[in-house]
4 protein chains.
Amino acid sequence: MRLFGEHGYRGTTITKIEAAAGLTPGAGGIYHHFKSKDAVLAAGIERHLARLAALRDIRRILTPLGDLHAELTLTARYILAELDHEAELLGFLAAEARNRPHLLADAIEQLVKTTFTGFAVFIADRSDPPLDANNAEAIAAVGLGSLFSSRLLTQVLGVQTPVDDDRLIATWVEMMANTMQAGTTA
Amino acid sequence: MRLFGEHGYRGTTITKIEAAAGLTPGAGGIYHHFKSKDAVLAAGIERHLARLAALRDIRRILTPLGDLHAELTLTARYILAELDHEAELLGFLAAEARNRPHLLADAIEQLVKTTFTGFAVFIADRSDPPLDANNAEAIAAVGLGSLFSSRLLTQVLGVQTPVDDDRLIATWVEMMANTMQAGTTA
Amino acid sequence: MRLFGEHGYRGTTITKIEAAAGLTPGAGGIYHHFKSKDAVLAAGIERHLARLAALRDIRRILTPLGDLHAELTLTARYILAELDHEAELLGFLAAEARNRPHLLADAIEQLVKTTFTGFAVFIADRSDPPLDANNAEAIAAVGLGSLFSSRLLTQVLGVQTPVDDDRLIATWVEMMANTMQAGTTA
Amino acid sequence: MRLFGEHGYRGTTITKIEAAAGLTPGAGGIYHHFKSKDAVLAAGIERHLARLAALRDIRRILTPLGDLHAELTLTARYILAELDHEAELLGFLAAEARNRPHLLADAIEQLVKTTFTGFAVFIADRSDPPLDANNAEAIAAVGLGSLFSSRLLTQVLGVQTPVDDDRLIATWVEMMANTMQAGTTA
DNA sequence: AATGAATGAGATTTCATTCAT
DNA sequence: TATGAATGAAATCTCATTCAT
């Protein structure tokens, strides 16, 4: 998966995979373990998905601490950490999402959608006054977008953001908390 | 560039490019116009960069209208429109950023950094009370991130976001305005 | 087709074909002329079939000469000559008929069936007294079988028959004429 | 031998043979029983040859019954039955005769020549008036050819003959008897 | 400027065979 | 005797690039 993440599907040759796995390069040794190059990738994605599934429900870490700022900070840190942990998968998704949708649709679903929904529910619940689902969804989109973006820019596009994590998180928490407490959106 | 954006560098064969350009596929006709496949790509990127350069300074559209909400709405629309317009380039960047950094480093700089800096200056100036550069930068990062993310997710990862543009922009404007007027950050 | 006839489908490597065609062996040059190895074979078979089609109707050479012996001798010579001419195709058919029925079904039809039917009609017509279609068919099967066999044994199985063509034909003509004139079959 | 007959030499992989033999496919288990793939085939052919050797002399079934028609019918049935019984070997011979003559030359000799010689002797003896060896040989070639052909066409080329066995044999017996009793050949 | 044709390099995959366990 | 694992060799096919016309 490291190779796939770094060089994309085509760029990751069977020969390189074999070399990286300690097999004689070019001897076709992986074919005793996987049916095809596609199958190697599928197995790699599967492994990542299994891990993601274990952490599927973001709400598990969104337990009320009584302090909204603390909760938001924790959430932000958690999401960034997760994205970092799945950097390989993310890089690969970015490079190949349009080429191999069949393999990746599920991976993307899990990486993005559940997080999004979970966060929207959290926002609706913890806002004061409580927000309707529509507004909560929109706020979740804006909020998560900021965090995703931070990693997509660096990990996918290779841009170095001029704001470090601590500052980003602090600002983000402030903005989210403001929004959830003022609670007035269109 | 459409081909490069859709299929990546390796996936875009010289033969396909020739076919798309009205030359006989496989006859090597492009080599009368470009020195190599790399040169075709470089020229394509160049063209996009030229266009971006013309729009380089986001501040040109951030002229004070007197109404912060209106200004922010305009800004958001403009940025999303720009990202849509450069979808091909964006797609290609995502797929190949790690493979061909030499060609793309500049493109990315221009696409992201200038927008970012310009927006940060706008935020610093229009906040009430005025913010220092540090805080403005962090807010710009969060704000722009949301917008970038919206396009990166759909165009690069192929995820369909459950919030449409109008709602996203409205919410985003609200949050940004709140932040810029309350002005209290860590 | 010579190569396919001699070494079968798998035994005829693209590399050998290229070498035989004056291309650099192993450089994939045929792929500018044929889509795949299968297509090379298909084109070869097509060419043979076109030739067979031109000679499709054996009855054209079975014109009445007034002399049954002469007619039969001519027929035998003609059929053996045809089989010799299509030796490559025949060899290939024998080697691959069970592996690649899709490509070869037509070829076999033309090589065998039309000859068979045409000959049966001739027998029915020229027998004295005339024979019904059933009997004529059976005699055609026995008669053509002898001739086919002579070539199948040598060309396909590599057996050298101890009887030369002239003697074989003379005997065959005698037996056929006997049968067609005595005319009593079960 | 079933595999070799169905898929040819190259098409029959060691892996398939192992699977069919109840060994773990791909583990190389046959190499404890045979030195090489060639040796597996050689042993298979050997076994068939042993069987053929037992039946080597067609004359054993050509014992005079006093009734020529009956004797010929029996002979025809016997030969067709033998060819059916050795269908696997026959199929393999057709597919590989030109590729692996070293392994098969003997097999073919035995399958064809002894039958041929035996039958020629029978014809010479039982004809009335007795025929010289030359004529008998030619008649044997024509006669056996019809029977061989019937099986070669169906088993090797996959052609369905429009004449069933009973009718074929009846006609064949008639023609052979006619010839052996009229006895006038060129 | 365009094309038909070719080619070196390299990609994925298959397979007979070997070998330590 | 059987197996998991590996490997050299080779097969089909792709592709960027060149070149004479």
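Letters A, B, ... mirror the listed sequences (proteins, then strands); counts begin at 1.
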_side chain to side chain donor-acceptor pair (under 3.5 Å) partners of B/H85, counting only residues at least two apart_ = B/R51
*Report the residue (D/G26 or C/G22) whose heavy-atom-nearest nucleotide on DNA chain E is the more 5′ of the two.*
C/G22
_What I'd like to find out is whether the side chain of D/I30 reaches to under 4.5 Å of the side chain of D/I14, using heavy atoms alone._
yes
*From D/I17 CD1 over to D/M1 CE, what is the distance, rounded to the nearest 0.5 angstrom?*
10.5 Å
*Residue closer to the 5' end of DNA chain F, C/T12 versus B/T15 (nearest nucleotide)*: C/T12
*asked:* Please convert DNA chain F into dot-bracket. A pair counts if it is Watson-Crick or G-U wobble with both distances under 3.5 Å; crossing pairs go in [ ] and bases paired with another strand get |.
replied: .||||||||||||||||||||
*asked:* Going by the rule side-chain contact (heavy atoms from CB on, under 4.5 Å), which residues pair with D/R2 if we only count those two or more places apart in sequence or in a different chain?
replied: D/E6, D/E88
_salt bridge (charged side-chain N to carboxylate O under 4.0 Å, His left out) pairs, two or more places apart, involving residues 7-20 of chain C_ = none
*Give one of base, sugar-phosphate or nothing for D/I14, where a contact means two heavy atoms less than 4.0 Å apart.*
base
*asked:* From C-beta outward on C/T24, which listed nucleotide comes closest to its side chain: E/dT12, E/dA16, E/dT7?
replied: E/dT7
_With a 3.5 Å distance limit and no angle check, can you tell me whether B/T12 reaches the backbone of B/L3 through a side-chain donor-acceptor pair?_
yes
_Without decimals, in angstroms, what is the distance between A/L23 CG and F/dA6 C1'?_
7 Å
*Keeping to residues at least two apart or across chains, list the side-chain hydrogen bond (donor to acceptor under 3.5 Å, both in side chains) pairs with something in residues 34-43 of chain C.*
C/Y9-C/D38
_Whichever of D/A27 and C/A27 has its nearest DNA chain E nucleotide further upstream toward 5'_ = C/A27
*Distance from A/L93 atom CG to A/L89 atom CG, nearest 0.5 Å?*
4.5 Å
_Tell me whether the side-chain N/O atoms of A/R10 come closer than 4.0 Å to OP1 or OP2 in F/dC15._
yes
*asked:* Heavy atoms within less than 4.0 Å of DNA chain F: which residues of residues 28-38 of chain A have one? Give them sorted by number.
replied: A/G29, A/H32, A/H33
